[in-house]
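Comments concern the structure below.
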Amino acid sequence: MSRVSGGLWKNYIAVQIYGANTNVGKTVFSTLLGLRFKNGFKEQNWKFKIQYIKPVSTGPFNDRDDNYVQRYLGQSVSTLYQFENPVSPHIAAREAKDIPNDNHLNILLQRQLRSGAHALTSSPAGWGFCIVETAGGVLSPGPSGTPQADIYRPLRLPAVLVGDHKLGGIASTISAAESLIMRGYDLDAVVCFDDQSKYQNAEYLTRYFNDKLRIPVYTIPWIPHDINSKDKHDEETSMRQYYSETSKHPDILRVASRIYKQHRERTENLESMASRTHQTIWHPFTQHKHVENPDDVLVFDSAYGDFFQVKSTSRSGEDTASNMLYAAFDGSASWWTQGLGHGDPQLALQAAYAAGRYGHIMFAGATHEPALKLAERVLKGLQNPRLTKIFYTDNGSTATEVGIKMGVRAACKHYNWNGAEEPVGVLGLKGSYHGDTIGAMDASEPCVFNEKVDWYRGRGYWFDYPTFKLKDGRWTVEPPTGMEEEFGPAQYFAEQDDIFDLETRGESPHYEAYIESILDRLVKKEGRKFGALVMEPVILGAGGMIFVDPLFQKSLARVVRRYNFATSESDLPAAKDEHAWTGLPVMFDEVFTGLYRLGRFSSASFLDVHPDISVHAKLLTGGLLPLSITAASDSIFQAFWGDEKSEALLHGHSYTAHPIGSHVASESLIRMQGLKYGPTWWQYKCNWQPGDTSALITKEQKQEKPWKSRVNDDNIWSFWSKEFVLDLSQHKRVDHVNALGSVLAVSLKDESGAGYTSSAAVGLRDALLFQKSKVQIHSRILGNVIYLMASMITKKKDIEIVEEVFKKKLDAMDQEAQ
């Protein structure tokens, strides 16, 4: 994915000219627009210096667009790639020895823009204007075959669309505009040539765009028909006269003024957003007393793929007189939601389809295809024979709260308890956190997130547990400090795979004895009641990226399922079928760890445990829309079966199972399943093969696909390279490291022992974001833990660059400390 920053300079306007089709007059309009800016505006006492760039051109040298523009404009012109064959670029490029990929094309274009900005703004007035003219139509393929609107999207230059004034041009112009808008372009204007024909496209398009999209349309006189019948000399003379006269046309002046006005408004808005936000926004998870400077507020102009486009400040190490934007790698996957990258055009199209088909429709007592298909797809993907029902909510916290309602109600009905009159809690793990709604919050022990919440009660008991990590080059399972007697001594493993090889590790008498002793004290001696076991499989996310020994979590589920939680003989449950819950309902919170975040559809598979309730959100819609589900077994569902409405699960939201999110979620899961079997993920998997840190896939192997047999899909792997993770674990500043799937968690040494309130990782986080390097990285910290997270589409080359920069900043941090 492209790492270029957006193209935005304060005194340098760059605009991209798209066409609704080929041969609609893009080059003619570019020339007219260039002349208009070259001659300046009446309300200003300066003129713009002009630059013209044609990224890709096809056809013979003597028919090049840049030569034509230079002839009549007399200003700097350039073409980045010229192919001689006068056909579509993706066909013409086949004959070239070196076909430019999309990222390289954008890098070259941005270099041209950057050098032009520095050169053109050195004029007396300090203003420059650059025209970037595309080839063919909006979705015409570039050299790589990617549609142009997708190739240039990382730069997100403001666009002007030249409409089609010929027969059929109304439809093609509207479709082209919608394609640009759907991809997040700012469409400043639509222009349409008036050729005095009977079609009158300009008249219709003016009404349509003004009424429907509030985008102005400008009508410009077309080249007089008799010019083409003259000889070459007379034709050039006539064309010069045409350009001289038409560049003064009122609508050319209006469109030029519109472009200038939109640019000024955009830059002024961007410059004021931080201070306006500081005045009006209450941010989540933020102590605003510590945000005294508005410049501490990051301003995002846009995002695409794995990268944010962030407003430059003096703090970011950027020359604020230069590009106002810089690209930052989204190192937290936008709070763990990003699956298919920002601004994905396929997901945007699917969302538009569902919006057009349904909008939103209520879901109580009804159904629609997107919700039904998604429910069936999720149940199939979970491969859990216990789960039969899907309940929809809107975010991970509410989905977890619904799951707690399900489990506690099932247990109370099963054991004949009255939860309204006697306390019933949950069992869980220390450091876990399941969300910010009151019920989900009560399922976690006291912590920084809830200690000041007046309604918080902390209804439950939370077990200590052993953790696993890579420390000083060795994979280690460690008991909690001072609890070696309960859990046994530290264990060492040659590979991370060995920690997850639960069949070989077998059962743990230490773990099970500890769990049973705790339950005996809580249930038999203290008489406490519990309604569910609630766990995040493998990783406790918000609690500090804590990696729990999977054997302990499996042991906890096994012991809870066989334990008798009845408080009297009369409360003993009756026998049930093989897929019914026993002991207590087991609920897995997979909001963070599920849906391929750790490389598998369900993180429950790492524990070899089938939960009775399973919660999913975050990656569900690929990072586009809020949506969550709570999957439950039939025995849980039956707990709400009764004659009275009050016995039902009375929970719901106005936007329950909204069709747009449900449809996008299905498409997202299909795409991610395809990635599971694609060559990029297999490269990552090869790198983590036990005992092999150098296995790579050759180009020939990708084509022939024999490489699939080289990797065991059940092996544990990570997007982050094995060599990098091993190296980090032995760094002077690092206590330990974990890497699984897209997640990298680095625990820094902190002598203060402050834990979650530690500031040990702040300096590294800020250095990654604000200090200039190959790539700047936006990351999040949890106390002394700094974590990075890839999306499901992150390319290996981008991971390598992020790793390189991370290591350099960590080394620099160590040198400064010395």
Side-chain angles (χ1 to χ4, degrees), residues 274 278 283-300 307-308 310-320 326-336 448 469-472 541-546 720 724-739 743-790 799-818:
H278 197 254
H283 277 115
F285 298 106
T286 300
Q287 175 46 264
H288 281 269
K289 184 177 181 180
H290 300 155
V291 189
E292 298 178 358
N293 188 347
D295 283 344
D296 290 337
V297 178
L298 290 176
V299 178
F300 294 147
F307 293 87
F308 297 127
V310 189
K311 177 184 175 293
S312 301
T313 65
S314 56
R315 188 182 179 198
S316 64
E318 299 286 336
D319 176 7
T320 53
Y326 70 94
F329 180 79
D330 180 5
S332 68
S334 283
W335 265 351
W336 319 342
V448 67
K469 60 199 69 172
L470 184 62
K471 189 169 185 176
D472 296 326
M545 292 294 163
I546 304 168
W720 307 95
F724 170 68
V725 174
L726 182 64
D727 188 38
L728 280 184
S729 77
Q730 300 172 85
H731 197 279
K732 291 180 181 179
R733 302 284 299 180
V734 173
D735 182 77
H736 63 268
V737 184
N738 284 95
V743 182
L744 172 74
V746 182
S747 180
L748 301 180
K749 291 179 180 177
D750 182 15
E751 301 301 329
S752 71
Y756 208 97
T757 59
S758 168
S759 60
V762 172
L764 180 56
R765 177 199 65 190
D766 291 349
L768 290 170
L769 181 60
F770 296 120
Q771 293 179 13
K772 295 193 74 172
S773 55
K774 276 188 176 181
V775 64
Q776 285 159 276
I777 302 166
H778 179 273
S779 62
R780 300 283 295 179
I781 59 174
L782 298 166
N784 66 315
V785 176
I786 184 168
Y787 68 86
L788 294 178
M789 205 171 299
I799 289 285
E800 289 170 349
I801 292 173
V802 170
E803 290 176 347
E804 177 187 342
V805 171
F806 188 93
K807 180 64 165 53
K808 285 183 177 179
K809 299 301 182 186
L810 188 61
D811 289 342
M813 182 178 168
D814 184 43
Q815 292 170 5
E816 290 173 7
Q818 296 174 3

Return the [atom1] to [atom2] distance between [X] and [Y], rounded to the nearest 0.5 Å.
| X | Y | atom1 | atom2 | result |
| --- | --- | --- | --- | --- |
| I777 | F307 | CD1 | CZ | 9.0 Å |
| R765 | S332 | CZ | OG | 11.5 Å |
| H290 | D296 | NE2 | CG | 12.0 Å |
| R733 | L728 | CZ | CG | 13.5 Å |

Indicate the atoms forming the closest heavy-atom contact of [X] with [Y], along with that distance.
| X | Y | value |
| --- | --- | --- |
| W720 | A790 | CZ2-N, 4.0 Å |
| A761 | I781 | CB-CG2, 3.6 Å |
| Q730 | L726 | NE2-O, 3.1 Å |
| V775 | V805 | O-CG1, 3.7 Å |
| K471 | H736 | CB-CB, 4.1 Å |
| L782 | G544 | CD1-CA, 3.8 Å |

Tell me, do [X] and [Y] make a side-chain contact under 4.5 Å, heavy atoms counted?
| X | Y | value |
| --- | --- | --- |
| N738 | V743 | no |
| L769 | Y326 | yes |
| I801 | F329 | no |
| L748 | V734 | yes |
| L768 | I786 | yes |

Can you sort out the partners of [X] under side chain to side chain donor-acceptor pair (under 3.5 Å), two or more places apart, ordered by chain and number?
| X | answer |
| --- | --- |
| D330 | S334, H342 |
| H731 | D811 |
| W336 | Y787 |
| S747 | N784 |

Of all residues at least two apart in sequence or in a different chain, which pass the side-chain contact (heavy atoms from CB on, under 4.5 Å) check with [X]?
| X | value |
| --- | --- |
| H278 | V291, P294 |
| I546 | Y465, T467, L540 |
| D472 | none |
| E292 | none |

Quickly, which of V310, L298, L788 forms a side chain to side chain contact (heavy atoms under 4.5 Å, CB included) with H778? Name it, please.
L298

Donor-acceptor under 3.5 Å (S729 side chain, D727 main chain):
no

Ignoring hydrogens and angles, tell me if any N or O in the side chain of K749 forms a donor-acceptor pair with the backbone of K732 under 3.5 Å.
yes

Set of ring pair (Phe, Tyr, Trp, His ring centres under 6.0 Å) partners for F806, sequence neighbours left out
none

Residues in salt bridge (Lys or Arg N to Asp or Glu O under 4.0 Å) with K809, at least two apart?
none

What pairs with E804 under salt bridge (Lys or Arg N to Asp or Glu O under 4.0 Å), at least two apart in sequence or on another chain?
K774, K808

Derivation of the side chain to side chain contact (heavy atoms under 4.5 Å, CB included) call for F724 and L744
CA-CA 11 Å; F724 170 68; L744 172 74; 3.7 Å; yes

